[in-house]
Structure formats: structure tokens, C-alpha cells
Amino acid sequence: MRIGKYRAYSSTANLGPGFDVLGMALQAFYDEAEVRVSMNGEGKVKVRYVGPYSNQVSSFAGDCVAKRAALALLRRYRSDVDVNIVIWKGVPPGKGLGSSGASAALVVHALDDILDLGLRDEEKVLLAGEGEVASAGTPHYDNVAASLLGGLAIVSKSKTGIKVWSTKIRVMFVIAVPDVHTHHSKTKLMRSLIPDEVPLNAHVENSSYLATLLAGLLTGDLKLAGYGMSNDVIVTKARSPHVPCYAEALEAAIKAGAYGFTLSGAGPSTVALVDECSAGTVAKALEKAYSSCGVKAQVVITQVAGRPERLD
Ligand code: HSE
């Protein structure tokens, strides 16, 4: 029997114009797992959830996510072992914080480590992404890439495969997590709002925002990064009218000194780019904005997280 304890972090995907391409790992929330592997088995996987959000996991098909990822990994690499996983669920599901991605990343990272597989990052992201189909309808790899690789993660997916890249970034964010009921297939629903085709001028405009966002993040120019992050004429434009208090929160965050503001993943959470000086003011402004608009929200100041960690 091999036993290990691991932690993987939440993430915010898209960062405005980086739909399905960019993810940032965030320390704000995390999942932990105790993984037990019996070396003489038949490729069976058992997953059980405990902890603050364990009772919400099944409403978001999240319980299939980690199991699917683990089964995919065993089928491919070690169908001769059985795995028993207990996940302490600390990333709230259905809030746009990469909850299912964190669980899938956690399980794939843990099994890779405990079985000494030495998998490449691309392979791990693909396996963890298999789990995401269960909650979003289609695989998207931005959240799992961020949770698996830490920092700012870039995913490039084409017909020929997938490439992933990540780098450490020292920035701070304020996350607002509204206490609103979200539909069990919220991500699917929010993806259906996005137009299938966009005019060339919208593509060009959005490319300029993505370019400025990345240039700003990589050079530490937060004004430039925030400009790119706040402007997305395709996905955020289509989704934000359906997100509770989005307009009010955006106005409050920018007025309070945030460099940028956007939807976190498919929402309903929002994310503001800040620095040490503005973080507290922006957090207070967001609390006030949500409460004036009649929605309770948990507001968290957070730093960027790294890769999953082994805890024992
Ligand atoms: N890129 C995905 C989306 C992330 O925006 O639908 C979902 O958390």
C-alpha cells in the first residue's frame, strides 16, 4: 500500500480576453486529498468527499470529475492498482473558481507522484481535462492547467494536440464570490451564451487586449495588464449581463483603484487585479457594492499559487 497527502489550488480562468487559453492559480481556496494505492488491484477507483463543500459537489457533477481523471490515468498507465481517494473539498463548486479542475488536477498530480509515473505536463493536463467534460460538457483545460502547473498558465489546443506553458507571476487579486444559487450545469449554460462566430474586427480587438494583458503581466506593468483584462468584446461581453451585480462590482472595483476587473471563469465570481496598496480598499468597495445590490458575497484578497504540494 502506498499513501500520500496532497493539496491543489483554485484558479481563475480567462482573465478577460483569454477564453479557454489563460488560467491563474490562486491561493484563495484549495482541495486536499489523501490517496491510498493498493499495488495489487484491477484499476478500480473510489472517491469520497469530505470538508466544507463536500455536500455541494454532486450538484455540479463534480463527483465524476476526479474519478474520471483517475480512471483515465489508471487505464492508460497502471490498470494493476486500485485507488482510494478522500478529497477534502475546499474550493466552492459552481462559482467560477476552477473547483472541478482543482479536484481533477489534485488526483492526477497525486497519482503521478505516488506511482512514480513521471508524466509530462501536457499529459497531466489532458488527463485532468477528461474530468472537466463531466461538469462543463466540453473539455477545457485552462483551469486544470493553472491548478496543475501553478502561476499563469497558457493552454494552446489544436487539432494536432495540446501545448501548455506556465510562469510564476507576482500579482494580487481580489476575488468576490457571490452567494447566489447557480444552476448545476452553469458552465454549460454560460458557454451557450457565447457566439459561435465573431466578426474579424472583434477578433482583432480582442487579440489586442490579450496581447496587452500578457505584456502587462509579464513585465509587471499592472496598468497595461488591467487594461487588457477589463476589455473583452466577445466572451465577457456576452456573459456579464447575466451575472448578478457585475456592472455594480466593476464600477466599484475600478473606482477603488483596481487595475483590472472581469468575470472569473464562467462566473458568478468576479476578479479584480490589484496591488498591495489597493487590495484592502478594493475589497471593501466590492463588499459594499454587492451588499448594496442585495447579494451577499465572500470577498478574498489572494496571491498567485504554485503547483500542487505533497503534504507528508
Ligand atoms: N474557460 C472556461 C469558461 C472556464 O469560461 O467557460 C470555466 O470555468
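Heavy-atom basis, side chains included; hydrogens, waters and symmetry copies ignored. Both ligands and their constituent atoms are indexed starting at 1 by order of listing.
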**Q** Could you report the tightest heavy-atom contact between I85 and A33, atom names first, then the distance?
**A** CG2-CB, 4.1 Å

**Q** For N14, take its heavy atoms, then give the atoms of ligand 1 lying under 4.0 Å from any of them.
**A** 1 (N), 3 (C), 5 (O)

**Q** Please report the closest heavy-atom contact between P244 and Y290, naming both atoms and the distance.
**A** O-CE2, 4.0 Å

**Q** Can you tell me if M190 contacts ligand 1 (heavy atom of the residue under 4.0 Å from the ligand)?
**A** no

**Q** Closer than 4.0 Å to some heavy atom of D20 - which atoms of ligand 1 meet that?
**A** 1 (N), 2 (C), 3 (C)

**Q** Show which atoms of ligand 1 fall inside a sub-4.0 Å distance from at least one heavy-atom site of F19.
**A** 3 (C), 5 (O), 6 (O)

**Q** At their closest point, which heavy atom of P268 faces which heavy atom of P178, and how far apart are they?
**A** O-CG, 3.3 Å

**Q** Considering non-hydrogen atoms of the protein only, which is the closest contact for atom 7 (C) of ligand 1, and what is the distance?
**A** H140 CE1, 3.4 Å

**Q** With a 4.5 Å cut-off on side-chain heavy atoms, are D142 and L22 touching?
**A** no

**Q** Out of K188, K95, R191, who is nearest to atom 3 (C) of ligand 1 when you count heavy atoms only?
**A** R191

**Q** I'd like to check F19 versus N206 (side-chain heavy atoms, cut-off strictly below 4.5 Å). Are they in contact?
**A** no

**Q** Among all the protein's non-hydrogen atoms, which is closest to atom 8 (O) of ligand 1, and how far away is it?
**A** N143 OD1, 3.0 Å

**Q** Ignoring hydrogens and geometry, is there a side-chain-to-backbone donor-acceptor pair from S10 to L26 under 3.5 Å?
**A** yes

